[in-house]
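Small disclaimer: the values here were computed from a predicted structure and weren't measured.
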Amino acid sequence: MAVFVDLKEAEDPRTRRYVDDVAIPYCEEAGIRFIRVEVDALGDMLANPAHPKPPFRTKGGGFSVRQCTNHWKIRPFRRALRSLMRECGARIGRTSVSVALGISYDEIERMTQPDVSYYAHVFPLIERRMTRFDCARLLVENGLPVPPKSACWFCPYTRAERLDEITRLYPDVARALDDLRERVNSARARKGLPELAIGQGSAGSPCGGYCMA
């Protein structure tokens, strides 16, 4: 089974298109069950705009506490996994499921194990010593396009160049970004909270990929 936690309007539109046009058809042909778990990350953020879950920086300050990974990726994945286990007759607490993560050999520092006992991570790319370049080459050799970097378009860890490219290609994302910035900072101003730097991107590349992207 392949499980994709889809953050809907928060996802990079190119990621969703790749999933629809490449990943799902590939799974169907290969006999892999594709499971899409939808999470309205943007709606969740706008429901409580004064306290957004992503670790946005205050103006002139550092990153805040990251809550988005746990709320929008890990918890929905675990709910889906438990549902699948019950569907298959596996008893939670007495059965351990192997969950393969696509972490490449050049990201070996990202190897971790979950804090629950009913599943364990395995790392097939690291076992095969496959780097990101190796993965891209394998896709091309098999006639598949190389996917773009997967992350929320408003992620504060994203590179500024990537954000500029997305907003240029997708005017609706640019409008959503302006709306998000306005609604979050207006709500924070009413509570006397400092303004957040939303949509500025990072000059470097601090993203460690720990949001399972």
Polar side-chain atom of Asn70 near backbone of Arg75 as donor-acceptor pair, under 3.5 Å: no
If only atom types and distance count, is the side chain of Trp153 paired as donor or acceptor with the main-chain N or O of Thr167 below 3.5 Å? no
Heavy-atom count check: over 12 atoms from other residues, nucleotides or ligands less than 6.0 Å from Glu29 CD? no
When you measure from the side chain of Ser186 to the backbone of Glu182, do you find a donor-acceptor pair of N or O atoms at a distance under 3.5 Å? yes
Please give me the minimum heavy-atom distance between Arg188 and Pro194, naming the atom from each residue. NE-O, 2.7 Å
Side chains of Ile32 and Met1, heavy atoms from C-beta outward: is any pair under 4.5 Å? no
Arg128 CZ: over 12 foreign heavy atoms closer than 6.0 Å: no
Indicate yes or no for a side-chain donor-acceptor contact from Asp44 to the backbone of Ala41 under 3.5 Å, with no hydrogens or angles considered. no
Could you tell me if the side chain of Met111 sits less than 4.5 Å from the side chain of His121, heavy atoms only? no
What I'd like to find out is whether the side chain of Tyr119 reaches to under 4.5 Å of the side chain of Gln113, using heavy atoms alone. no
Are Arg14 and Glu165 packed together at the side-chain level, in the sense that at least one heavy-atom pair is separated by less than 4.5 angstrom? yes
Parallel, tilted or perpendicular, judged at 30° and 60°: which one describes the rings of Trp72 and Phe154? perpendicular
For the side chain to side chain contact (heavy atoms under 4.5 Å, CB included) test, which of Ile35, Val39, Val99 pairs with Phe77? Val99
I'd like to know whether Glu11 forms a side-chain hydrogen bond (donor to acceptor under 3.5 Å, both in side chains) with Thr15, so could you lay out the CA-CA distance, the side-chain angles of the two residues, the decisive distance to 0.1 Å, and finally the verdict. CA-CA 7 Å; Glu11 290 277 2; Thr15 297; 4.7 Å; no
Short question: side chain of Asp6, backbone of Lys8 - any donor-acceptor pair under 3.5 Å? yes
